[in-house]
Amino acid sequence: MPKEALSILKKIPVAKKRLKHYLENDGSKTSFESKFKSGKNKYSVEFSEEGKLQDIEVEIRKIKSKEVMTVIENHLNANYEHFKIEKIQAQYQKLNSLETKPYQNPDAWELIVATKNKSNKLERFEMTFDTKGEFLNLRIAVRQSYDFLLF
């Protein structure tokens, strides 16, 4: 784990339980990821190979804003026959974004969504939506296999 990444982790203003570090390789890029729990929230902090912060994701149960959730669900209903939201994460691009409580002022929302199209093909996507619920992008969600547990 790069020293700069460890230094950034120390600055995250929450108590960290069960802190684990991983080396990830998704085929196109290599990165480091630290995962931990604080209170009821699960955190995932991703770093570049050089130790630069890429993003901080906080897993949450639901998006509290009904308006944002409606916009997201409208997008999903318009594009997929059936879908199930498997995971919701509040995504932060900067460390100072976390100074408020998780999920209150994220930079974006990241959802893992299982879909079934008209030909009954099941697919899982990682979808990103802006803070208002507008669709930004998607990629096929591949179950990540970690090369190894660093420590």
Side-chain angles (χ1 to χ4, degrees), residues 1-73 75-76 80 82-115 122-151:
M1 193 74 167
K3 286 182 183 180
E4 185 176 343
L6 293 172
S7 174
I8 291 170
L9 272 175
K10 288 179 183 176
K11 294 177 184 174
I12 296 175
V14 296
K16 298 164 196 69
K17 292 181 182 174
R18 292 181 260 170
L19 177 63
K20 294 183 178 159
H21 306 289
Y22 301 89
L23 175 66
E24 288 187 330
N25 189 340
D26 69 1
S28 63
K29 70 175 184 164
T30 299
S31 62
F32 292 94
E33 187 165 19
S34 295
K35 294 185 177 216
F36 58 90
K37 192 171 181 178
S38 181
K40 294 182 180 181
N41 296 314
K42 292 180 182 177
Y43 287 73
S44 172
V45 185
E46 190 170 359
F47 302 95
S48 68
E49 287 184 86
E50 299 79 31
K52 303 278 186 214
L53 178 65
Q54 291 181 326
D55 67 24
I56 300 168
E57 296 170 344
V58 182
E59 189 174 332
I60 60 171
R61 291 185 184 184
K62 66 179 186 174
I63 296 172
K64 297 211 182 235
S65 168
K66 290 181 181 178
E67 295 83 13
V68 170
M69 211 49 224
T70 299
V71 173
I72 290 171
E73 287 174 344
H75 171 80
L76 294 171
Y80 302 99
H82 301 284
F83 67 88
K84 180 181 178 192
I85 298 172
E86 295 180 341
K87 185 185 335 184
I88 300 172
Q89 294 178 314
Q91 189 178 72
Y92 302 89
Q93 302 297 325
K94 299 178 207 120
L95 194 56
N96 61 356
S97 299
L98 262 183
E99 290 174 358
T100 60
K101 289 185 178 181
Y103 65 74
Q104 286 187 346
N105 294 307
D107 298 316
W109 299 105
E110 184 176 284
L111 281 65
I112 302 296
V113 182
T115 65
L122 295 172
E123 293 181 297
R124 290 178 75 240
F125 296 103
E126 182 179 286
M127 299 181 184
T128 307
F129 296 85
D130 70 12
T131 55
K132 295 177 183 165
E134 295 296 328
F135 176 77
L136 296 174
N137 61 42
L138 86 136
R139 66 183 187 112
I140 295 173
V142 179
R143 295 227 188 258
Q144 301 231 338
S145 62
Y146 295 106
D147 283 347
F148 55 88
L149 182 66
L150 290 174
F151 55 90

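Index from 1, following the sequence. Computed from heavy atoms alone, side chains included, the values below leave out hydrogens, waters and symmetry copies. These figures come from a predicted structure and were not determined experimentally.
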Can you confirm whether [X] sits close enough to [Y] that some side-chain heavy atom of one is under 4.5 Å from a side-chain heavy atom of the other?
{"X": "E24", "Y": "S31", "value": "yes"}
{"X": "E110", "Y": "E57", "value": "yes"}
{"X": "H82", "Y": "Y80", "value": "no"}

Pairing residues for K87 by the side-chain contact (heavy atoms from CB on, under 4.5 Å) criterion, not counting sequence neighbours = E59, Q89, I112
ask   = Can you name the closest pair of heavy atoms from I88 and K62 and give their distance?
value = CD1-CA, 3.9 Å
task = Identify the two heavy atoms, one from P106 and one from A90, that lie closest to each other, and give their separation to 0.1 Å.
result = CB-CB, 3.8 Å
Report the distance from atom [atom1] of [X] to atom [atom2] of [Y], rounding to the nearest 0.5 Å.
{"X": "E123", "Y": "L138", "atom1": "CD", "atom2": "CG", "result": "9.0 Å"}
{"X": "Q91", "Y": "D55", "atom1": "CD", "atom2": "CG", "result": "4.5 Å"}
{"X": "L6", "Y": "F32", "atom1": "CG", "atom2": "CZ", "result": "9.5 Å"}
{"X": "M69", "Y": "W109", "atom1": "CE", "atom2": "CH2", "result": "9.5 Å"}
{"X": "Q93", "Y": "I56", "atom1": "CD", "atom2": "CD1", "result": "9.0 Å"}

Pairs meeting criterion side-chain hydrogen bond (donor to acceptor under 3.5 Å, both in side chains) with involvement of residues 128-138, two or more places apart = T128-N137
My understanding is that only residues two or more places apart in sequence, or in another chain, count here; which of them pass side chain to side chain donor-acceptor pair (under 3.5 Å) with [X]?
{"X": "E126", "value": "R139"}
{"X": "S34", "value": "H21"}
{"X": "T115", "value": "none"}

ask   = Could you give all pairs that pass the salt bridge (charged side-chain N to carboxylate O under 4.0 Å, His left out) test and reach residues 44-54, with sequence neighbours left out?
value = E4-K52, K29-E46
Could you pull out every donor-acceptor pair under 3.5 Å between side chains of residues 7-16 and any protein atom, sequence neighbours left out?
unit_1	atom_1	unit_2	atom_2	d
K16	NZ	L9	O	3.2
K16	NZ	I12	O	3.0
K16	NZ	V14	O	3.1

Could you list the residues that satisfy ring pair (Phe, Tyr, Trp, His ring centres under 6.0 Å) with [X], not counting sequence neighbours?
{"X": "F83", "result": "none"}
{"X": "F47", "result": "none"}
{"X": "H75", "result": "F129, F135"}

query = Within a reach of under 6.0 Å around CG of L122, are more than 12 heavy atoms found that belong to other residues, nucleotides or ligands?
reply = yes
query = Can you check side chain to side chain contact (heavy atoms under 4.5 Å, CB included) on F36 and V45, steps first, answer last?
reply = CA-CA 9 Å; F36 58 90; V45 185; 3.9 Å; yes
request  = Look at the side chain of S65 and the backbone N and O of V68, then say whether any donor-acceptor pair between them is shorter than 3.5 Å.
outcome  = yes
